[in-house]
Amino acid sequence: MAGVLVYVESDGERVAPISFELLAAARELAQSLGGDVEALVAAADTGPLVGELGAADTILEVTSPALAGYLPEAQQLVLVEAIRARKPAVVLVGYTSAGLDLAAGAATATGLPVVAYCTGLRAEGSDVVADSQLYGGKLVATTTTSTPAVFSVVAGSFAEANGHAGGRGERIVTAPPAGLAQLRSRVLGTTGAGGGAVDITKAERVVSVGRGIGGADNIELAEELATAMGAELGASRPVVDSGWLPKERQVGKSGMTVKPKLYLAVGISGAPEHLEGMHDAGLVIAINTDGDAPIFKVADYGTTCDLFDLLPAITALLKPAG
Ligand SMILES: Cc1cc2nc3c(=O)[nH]c(=O)nc-3n(C[C@H](O)[C@H](O)[C@H](O)COP(=O)(O)OP(=O)(O)OC[C@H]3O[C@@H](n4cnc5c(N)ncnc54)[C@H](O)[C@@H]3O)c2cc1C
């Protein structure tokens with residue numbers, strides 16, 4: 001029992017950024033716990049993905065038509081079999097919409113403990129100490145778990161840049177589990193929420209709107225600016241709770257963690273729960289009429305202009321003439 005096994009998420013063509021974060025975390029853990037960093041990649045065609053997994057010492061490839069797209073039952077079969085075969089000390093899965101059921105399901109099937117919502121992991125002897133967000137980030141629980149164990153990790157918790165290289169990159173092609181031939185569920189199709197699924201955690205620029213936007217009808221102002229800037233639209237929790245924007249756009253403790261190069265906070269006060277989701281952003285610019293708003297403590301640039309004056313003006317400047 002040694003090493004760290006990373007479950008690799010992908011869309012079949014590209015490895016998801018969370019997986020690079022997990023590989024970075026795995027390397028840190030493996031340095032203390034010993035053993036290899038192993039990446040498990042399960043897809044209809046692992047070919048396009050393997051080249052991106054240079055941070056792993058061993059790349060375990062499982063290929064089957066049944067692994068096209070994300071089907072929890074199929075992916076869980078593969079992960080469970082890999083855990084049984086490789087006996088890793090630590091299994092890392094992203095706390096993503098795919099990973100949150102996968103981690104729990106695989107842990108249950110293998111009889112391992114699972115620690116969810118991890119934002120920090122470190123080895124102490126043969127144990128792993130994990131920081132987990134609770135109650136939407138109101139509390140951080142620090143737990144010590146003896147290995148082997150499964151941990152699901154919140155996006156944005158580890159440096160993705162450290163998860164691209166540094167491993168031996170040896171490939172091991174593994175036969176798909178027999179159970180893939182008798183799956184009881186199948187994907188009928190996927191529909192993007194609100195007409196198109198977004199992943200704001202990957203965005204290089206985010207225009208985030210807060211309650212200061214005043215209502216659903218005004219979201220358009222921020223949308224136009226985001227389009228002109230080539231940015232994704234983010235939101236504070238009240239905006240999502242009010243139904244002005246979908247949950248997938250929420251930034252913060254109980255939403256997404258984003259790391260854009262540019263974060264424009266529009267009518268957002270800067271509550272700790274919001275800041276938790278964007279503290280790793282590069283340049284932070286705040287628009288807020290209240291000069292005492294806490295967002296200005298983290299902003300590189302800020303203005304107390306009224307957003308209703310400023311947003312259309314910036315959009316007009318950025319829009320191509322004519
Ligand atoms: C368990 C828990 C989890 C939470 N998780 C999250 C989370 O994931 N994400 C999150 O965002 N929050 C979260 N919250 C809520 C958080 O505590 C704050 O309530 C929330 O972030 C406030 O959102 P806001 O900044 O949009 O609204 P407000 O705090 O109401 O701020 C609105 C701001 O807009 C400014 N404003 C008003 N009009 C204008 C104008 N015309 N022009 C410019 N500025 C204007 C105001 O000055 C004000 O600062 C959580 C809370 C709890 C208890």
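A quick note: this is a predicted structure, and the numbers were derived from the prediction, not measured. In each ligand, atom 1 is the first atom listed, and ligand 1 is the first ligand listed.
Close contacts of ligand 1 with Gly252, meaning ligand atoms under 4.0 Å from a residue heavy atom, involve 7 (C), 8 (O), 9 (N). For ligand 1, the atoms lying closer than 4.0 Å to a non-hydrogen atom of Gly210 are 26 (O). For ligand 1, the atoms closer than 4.0 angstrom to any heavy atom of Phe308 are 41 (N). Close contacts of ligand 1 with Gln250, meaning ligand atoms under 4.0 Å from a residue heavy atom, involve 6 (C), 7 (C), 8 (O), 9 (N). Per-residue contacts place Ser254 under 4.0 angstrom from the following atoms of ligand 1 (heavy atoms of the residue considered): 3 (C), 4 (C), 5 (N), 6 (C), 7 (C), 8 (O). The distance from ligand 1 to the heavy atoms of Ala271 drops below 4.0 Å at these ligand atoms: 16 (C), 17 (O), 18 (C), 21 (O). Within ligand 1, counting atoms from 1 as listed, the ones closer than 4.0 Å to a heavy atom of Asp290 are 47 (O). In summary, the atoms of ligand 1 found under 4.0 Å from a heavy atom of Gly212, numbered by their order in the structure, are 32 (C), 34 (O), 36 (N), 37 (C), 38 (N), 39 (C).
Which of Ile268, Val209, Val251 comes nearest to atom 9 (N) of ligand 1 through a heavy atom is settled by distance: it is Val251. Closest heavy-atom approach to atom 29 (O) of ligand 1 within the set Ser208, Ser269, Ala265, Gly214: this belongs to Ser269. Scanning Ile295, Leu310, Leu307 for the heavy atom closest to atom 42 (N) of ligand 1 points to Leu307. Of the candidates Ser236, Cys305, Gly234, Ser236 brings a heavy atom nearest to atom 26 (O) of ligand 1. Distances from atom 34 (O) of ligand 1 to the heavy atoms of Gly255, Gly267, Ser242, Pro294 show the closest one on Gly267. Here the shortest heavy-atom distance to atom 10 (C) of ligand 1, taken over Arg211, Met278, Lys247, Arg237, belongs to Arg237.
When non-hydrogen atoms are compared, ligand 1 lies under 4.0 Å from the side chain of Pro238 (C-beta onward) but not from its backbone. Of all the heavy atoms of Glu276, none lies under 4.0 Å from any atom of ligand 1, so neither backbone nor side chain is involved.
Between Leu264 and Leu283, every side-chain heavy-atom pair lies at or beyond the 4.5 Å cut-off.
Using the six-membered ring where Trp is involved, His274 and Tyr263 have ring planes that are tilted, between 30° and 60° apart.
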For a side chain to side chain contact (heavy atoms under 4.5 Å, CB included) check, start with the C-alpha distance between Leu71 and Leu183, then their side-chain angles and the critical distance, and finish with the verdict. CA-CA 10 Å; Leu71 182 63; Leu183 295 173; 3.7 Å; yes
Would Glu38 and Arg86 satisfy salt bridge (Lys or Arg N to Asp or Glu O under 4.0 Å), going step by step from the backbone distance to the final call? CA-CA 9 Å; Glu38 302 201 307; Arg86 309 300 294 181; 2.6 Å; yes
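Scanning all heavy atoms of the two residues, the minimum distance from Ala106 to Leu79 falls at CB-CD2, 3.6 Å.
Applying the side-chain hydrogen bond (donor to acceptor under 3.5 Å, both in side chains) test to pairs two or more places apart or on separate chains, none has a residue in residues 210-219. Note on residues 287-311: no pairs pass ring pair (Phe, Tyr, Trp, His ring centres under 6.0 Å), not counting sequence neighbours.
The side chain to side chain contact (heavy atoms under 4.5 Å, CB included) with Leu233 is formed by just one residue from the set Ile219, Val206, Ile200; it is Ile219.
Taking a 4.0 Å cut-off on heavy atoms, Gly277 fails to register as neighbouring ligand 1.
Between Ala235 and ligand 1, no pair of N/O atoms sits closer than 3.5 Å. By the 3.5 Å distance cut-off applied to N or O atoms, Gly270 is not counted among the residues near ligand 1.
Heavy-atom contacts from other residues, nucleotides or ligands closer than 6.0 Å to CZ of Arg168 number more than 12. In the displayed structure, Glu220 atom CD is contacted under 6.0 Å by at most 12 heavy atoms of other residues, nucleotides or ligands.
For the residue pair Thr96 and Glu9, a side-chain donor N or O sits within less than 3.5 Å of a side-chain acceptor on the partner. In this structure, a donor-acceptor pair under 3.5 Å is present between the side chains of Ser185 and Glu73.
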